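The structure appears below as structure tokens.
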Protein chains: 2
Amino acid sequence: MPASERLGSHIKEAEHALNATKHAVLKPAGLTVPQYAALLQLAENPGIPAAALARACRVTAPTMNTVLKNLQQRGLITRTPHPWHRNVLETRLTELGTQVMAEADENAVRVERGLAAQFTDEERAQLISLLARCSGYLESVRPG
Amino acid sequence: MPASERLGSHIKEAEHALNATKHAVLKPAGLTVPQYAALLQLAENPGIPAAALARACRVTAPTMNTVLKNLQQRGLITRTPHPWHRNVLETRLTELGTQVMAEADENAVRVERGLAAQFTDEERAQLISLLARCSGYLESVRPG
DNA sequence: GCAAGTCTATTAGAGCTCTAATATTCGTCA
DNA sequence: TGACGAATATTAGAGCTCTAATAGACTTGC
């Protein structure tokens, strides 16, 4: 089965193009794509624990740990112990983090709006629906 | 703009599901997803130089270099100097590499066939077309 | 012939990603 | 009250990925 006939190739190619463009537009803010994804979730959910953040970003906890380490080193986030649950760290944006996030978000949203504008409402809904069926099937057949 | 409204989120999610399932079905053969991608291209193009292989797999030359190093250590490929172009290494599957590739390919193709079977011919063509428009737009707006 | 440009290969370094394993804390249930 | 289970956090280690830089070999144009 040649690679060009595989649906997976086309999905991978689109994701690759998306990632490369995101990477390029986030570069001025000094953020990587995973860092931006984490900051976006943090902006919407202040104080969220790292484990929940990892789930929201669809990565594992150790992965999020390394991303947060780099964000913390740059002073973009703070991690403070939860008042009750002593084993939980509350993660929040710093003021600097909020500024950097706003700058990065402007460029990222511009790409998303431009991408969405390539399609009619019906096409967009179709694409989302077809992709959801891909995800659903792939998860349903995953061993383990 | 909430993450759930971004087309990019759905593309990323589908690619993530694809990658996770591929990873799971390739595990018995002891191959990673990038290693399988490289072996697939090698099976179709014996003797291809690493730089061309990198382009075919949509990664950079240094990335392909690390993947090939691991494949070579396992004895799945050989890299021999090109008879004329002294700066080029011809990369080929070993006999063991061919066997491992065949075993892995069986599982990978099963996933691809199952995924394709979720859609009608028209839906499949639509999905490919919509994804291609995404890739095309994203590449056209990429700075640099 | 020689120089510039192009292509191949490689190394160095930063960052992301996973699995596996460990430690700590909280909640539940007997 | 004490033990088990679930959730959080972290470390270790392997592997992938990129950009930047270096080096060698071929090709083209003067």
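Computed from a predicted model, the values in this text were never measured in an experiment.
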Rounded to the nearest Å, what distance is computed from the CD atom of residue A:Glu15 to the P atom of nucleotide D:dC16? 17 Å

What is the distance, to the nearest angstrom, from the CG atom on B:Leu71 to the C1' atom on D:dC16? 12 Å

With a non-hydrogen cut-off below 4.0 angstrom, is B:Thr32 in contact with a base, only sugar-phosphate, or nothing? sugar-phosphate

Return the residues of residues 86-94 of chain B meeting this criterion: a heavy atom under 4.0 Å from some atom of DNA chain C. Order them by number, or give none. B:Asn87, B:Val88, B:Leu89

Closest nucleotide of DNA chain C for B:Arg55 versus for A:Thr66: which of these residues is on the 5' side? B:Arg55

Phosphate OP1/OP2 of D:dT10 contacted by A:Asn65 side-chain N/O (<4.0 Å): yes

Could you check B:Val67 against A:Lys27 and say which one's nearest nucleotide on DNA chain D is further toward the 5' end? B:Val67

Hphob cluster co-occupancy, A:Leu18 + A:Val109, side-chain heavy atoms under 4.5 angstrom: no

Donor-acceptor contact below 3.5 Å, side chain A:Arg74 vs main chain A:Gly30: yes

Is any side-chain nitrogen or oxygen of A:Thr63 closer than 4.0 Å to OP1 or OP2 of C:dC18? yes

C:dC18 P sits how many Å from A:Arg58 CZ, rounded? 12 Å

Assuming nearest nucleotide by heavy-atom distance, tell me which of B:Arg79 and A:Pro34 is located more 5' along DNA chain C. B:Arg79

Atom pair distance, as rounded to whole Å: NE2 in B:His16 and C1' in C:dC18: 10 Å

Over how many whole Å does the gap from A:His23 atom NE2 to C:dG15 atom P extend? 11 Å

Tell me whether B:Ser9 contacts the main-chain N or O of B:Ala3 through its side chain, where contact means a donor paired with an acceptor under 3.5 Å. yes

Here the distance between atom P of D:dA14 and atom CD of B:Gln73, to the nearest Å, is 11 Å

For the residue pair A:Leu71 and A:Arg79, establish whether any side-chain heavy-atom pair is separated by less than 4.5 Å. no

Where the side chain of A:His85 meets the backbone of A:Asn87, is there a donor-acceptor pair that is under 3.5 Å apart? no

Pairwise 5' ranking along DNA chain D for A:Ala52 and B:His85, keeping only the more 5' one: A:Ala52

Could you state the CD1-P distance from A:Ile48 to D:dT8, rounded to the nearest angstrom? 10 Å

Grab the CG-C1' distance between B:Leu68 and D:dT17 for me, whole Å please. 14 Å

Among C:dT17, D:dT11, C:dA9, the one nearest any side-chain atom of B:Ala50 is C:dA9

Report the nucleotide, chosen from D:dG15, D:dT19, C:dT19, that has the shortest atom-to-atom distance to any side-chain atom of B:Asn70. D:dG15

Going through the checks in order, is the side-chain hydrogen bond (donor to acceptor under 3.5 Å, both in side chains) test met by A:Thr21 and B:Arg142? CA-CA 5 Å; A:Thr21 299; B:Arg142 191 175 310 154; 3.1 Å; yes

Using OP1 and OP2 only, check whether a side-chain N or O of B:Lys69 sits under 4.0 Å from D:dA14. no

Under the 3.5 angstrom rule, does the side chain of A:Arg58 hit a backbone N or O of B:His16 as a donor-acceptor pair? no

Is the number of heavy atoms from other residues, nucleotides or ligands under 6.0 Å of A:Glu106 CD greater than 12? no

By nearest atom, which of the nucleotides C:dT19, C:dT10, C:dG15 is closest to the B:Pro62 side chain? C:dT10

